[in-house]
Amino acid sequence: MLQSQAKLPGGVLTRLKDYEIEAWLRSPDEYRDIYVLGKQPTSPNWRQMAQYAVNHILNDCHAIPPKQRSTAAVLQRIYERWKINPGLFQSKVHYVTVLAAVTDQLLKYFAAQPKDTEPLLLFESFTAVIQELQLELSMIFQVAQWTKEGLHIQKIVVNEDPALWNGYVQMMTLFSRNGFGNLPAKIEWIGLLSGKRRVYYPRKKDVAGAVDYMEWVRSGMEKTHLNPDYSSEEGHRWDCYMMPSIIQ
């Protein structure tokens with residue numbers, strides 16, 4: 001549940017975490033139930049459990065020295081971490097299909113990783129002050145690499161909701177400008193079930209839109225806190241600021 005928030009001129013909510021924002025983007029009503037009313041979340045579904053396993057696999061495999069990160073080593077980590085109850089899936093066929101897709105994409109992902117360097121950031125959390133909004137924003141960096149072009153940020157996901165991709169790009173653009181003093185060279189979103197890669201190259205002119213987007217997000221979240229009876233599921237998508245993407 002959210003801790004008590006200090007009231008500043010910028011609004012009721014002055015500290016936000018990326019997973020809270022993603023929860024609101026997925027479902028304002030579910031966000032309200034968990035973070036405002038304090039209800040116990042429902043049992044994890046197969047997507048949540050798959051993402052949990054994937055996060056551990058990524059962390060385990062990136063910990064292996066790049067030159068020793070063989071296909072067999074990656075498969076071993078997948079075997080060790082994929083402890084998901086098949087009963088959570090729609091059927092046994094669905095379970096096998098998801099596991100096969102995740103395994104295939106993770107093997108491709110690690111095969112493409114640099115063999116001479118390790119990630120600059122791996123599941124590390126940082127907080128930045130967004131001066132325009134008088135807001136503290138905390139984000140978890142799943143994987144970030146340093147390249148000759150600059151910072152390359154990657155997020156590997158099971159849930160490929162376009163609203164979450166859009167939100168992540170907006171948050172990361174604004175966070176990087178304020179937290180690191182510069183924009184990342186590239187933001188990459190890898191969907192394990194579809195195999196699609198969305199790539200975005202932030203530009204300075206995108207910052208103003210990201211500020212507007214975060215103000216819209218906070219405003220919507222504040223409405224949920226101030227009026228828990230209000231259902232804001234319908235029409236809460238930020239369609240006018242959907243970011244273009246390059247799908248490889």
Side-chain angles (χ1 to χ4, degrees), residues 1-52 55 123 125-142 155 157-179 187 189 191 198 200 206-243 245:
M1 189 172 180
L2 285 177
Q3 297 178 350
S4 176
Q5 307 291 342
K7 291 187 177 181
L8 296 178
V12 175
L13 296 180
T14 59
R15 299 176 183 88
L16 291 178
K17 298 178 176 64
D18 55 353
Y19 61 83
E20 297 170 350
I21 294 171
E22 289 178 355
W24 184 80
L25 289 172
R26 278 193 299 268
S27 170
D29 287 348
E30 288 185 12
Y31 169 86
R32 173 203 61 204
D33 290 345
I34 296 172
Y35 291 99
V36 180
L37 301 180
K39 294 182 180 180
Q40 289 296 320
T42 57
S43 299
N45 57 43
W46 68 267
R47 288 181 183 272
Q48 293 169 322
M49 294 303 297
Q51 186 66 58
Y52 179 79
N55 288 346
F123 290 96
S125 178
F126 296 94
T127 299
V129 176
I130 313 302
Q131 295 290 354
E132 296 96 328
L133 303 175
Q134 295 186 309
L135 170 73
E136 285 185 359
L137 176 61
S138 294
M139 295 197 69
I140 297 173
F141 285 71
Q142 200 181 47
K155 186 162 185 176
V157 299
V158 174
N159 187 347
E160 299 178 62
D161 187 337
L164 298 185
W165 152 247
N166 182 43
Y168 184 74
V169 167
Q170 304 275 18
M171 283 189 287
M172 191 57 73
T173 297
L174 193 57
F175 183 98
S176 297
R177 194 283 306 264
N178 288 270
I187 301 173
W189 176 282
R198 300 172 184 258
Y200 185 72
D206 298 329
V207 173
V211 171
D212 290 343
Y213 178 89
M214 286 304 302
E215 178 56 38
W216 168 77
V217 166
R218 181 170 63 179
S219 176
M221 294 174 73
E222 285 181 344
K223 289 177 182 178
T224 306
H225 278 265
L226 296 172
N227 184 10
D229 293 331
Y230 173 71
S231 177
S232 54
E233 288 283 357
E234 192 171 334
H236 86 290
R237 300 293 171 117
W238 183 261
D239 294 330
C240 61
Y241 271 92
M242 289 298 285
M243 294 296 227
S245 64

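Quantities reported herein were computed from a predicted structural model and do not represent experimental measurements.
Atom CG of Asp29 is separated from atom CH2 of Trp24 by 11.0 Å, given to the nearest 0.5 angstrom. Here CE of Met172 is found 12.5 Å from CD of Gln170. Values are rounded to the nearest 0.5 Å. A distance of 7.0 Å separates CG in Asn178 from CD in Gln131, rounded to the nearest 0.5 Å. Atom CG of Leu137 and atom OG1 of Thr14 lie 12.0 Å apart (nearest 0.5 Å). The CD1 atom of Ile21 sits 5.0 Å away from atom CG of Leu16, with the distance rounded to the nearest 0.5 Å. Rounded to the nearest 0.5 angstrom, Leu25 CG and Met221 CE are separated by 8.5 Å.
Ion pairing of Glu132 with Arg177 is present here, as a side-chain N (NZ or NE/NH1/NH2) and a carboxylate O approach within less than 4.0 Å. Using a cut-off of 4.0 Å between Lys/Arg side-chain N and Asp/Glu carboxylate O, Glu22 and Lys155 are scored as salt-bridged.
Looking only at distances, a side-chain donor or acceptor of Gln48 sits under 3.5 Å from a matching main-chain atom of Asn45. Distance alone, capped at 3.5 Å, is enough to place a donor-acceptor pair between the Asp18 side chain and the Ile140 backbone. At distances below 3.5 Å, not a single donor-acceptor pair connects side-chain atoms of Ser219 with backbone N or O atoms of Glu215. Between the side chain of Asn227 and the backbone N or O of Lys223 there is no donor-acceptor pair closer than 3.5 Å. When atom types are taken as modelled, the side chain of Ser27 and the backbone of Ala23 share no donor-acceptor pair closer than 3.5 angstrom.
Under the 6.0 Å cut-off for aromatic ring centres, Phe175 and Phe141 qualify, their centroids lying closer than that. Remark: aromatic rings of Trp216 and Tyr213 are close, center separation under 6.0 Å.
Under the side chain to side chain donor-acceptor pair (under 3.5 Å) criterion, Tyr19 pairs with no residue, sequence neighbours left out. Partners of Asn55 by side chain to side chain donor-acceptor pair (under 3.5 Å), not counting sequence neighbours, listed by chain and number: Gln51, Gln142.
Annotation: side chain of Met214 is not in contact with side chain of Ile130 (no heavy-atom distance under 4.5 Å). Taking the side chain as every heavy atom from C-beta outward, Glu160 and Trp165 never approach each other to under 4.5 Å. Using a 4.5 Å cut-off on side-chain heavy atoms (C-beta onward), Val157 and Leu164 make no contact. Taking 4.5 Å as the limit, every side-chain heavy atom of Val129 sits out of range of all side-chain heavy atoms of Leu135. The closest side-chain heavy-atom distance from Met171 to Val169 is not below 4.5 Å.
The two residues Thr127 and Glu136 have their closest heavy-atom pair at CG2-CB, 4.1 Å. Across all non-hydrogen atoms, the minimal contact from Asn159 to Trp189 is O-CZ2, 3.8 Å. Residue Tyr31 comes nearest to Thr224 through the heavy atom pair CD2-CG2, 4.0 Å, listed as atom of the first residue, atom of the second, then distance. When every heavy atom of Tyr35 is checked against every heavy atom of Glu20, the shortest pair comes out as CE2-CG, 4.0 Å.
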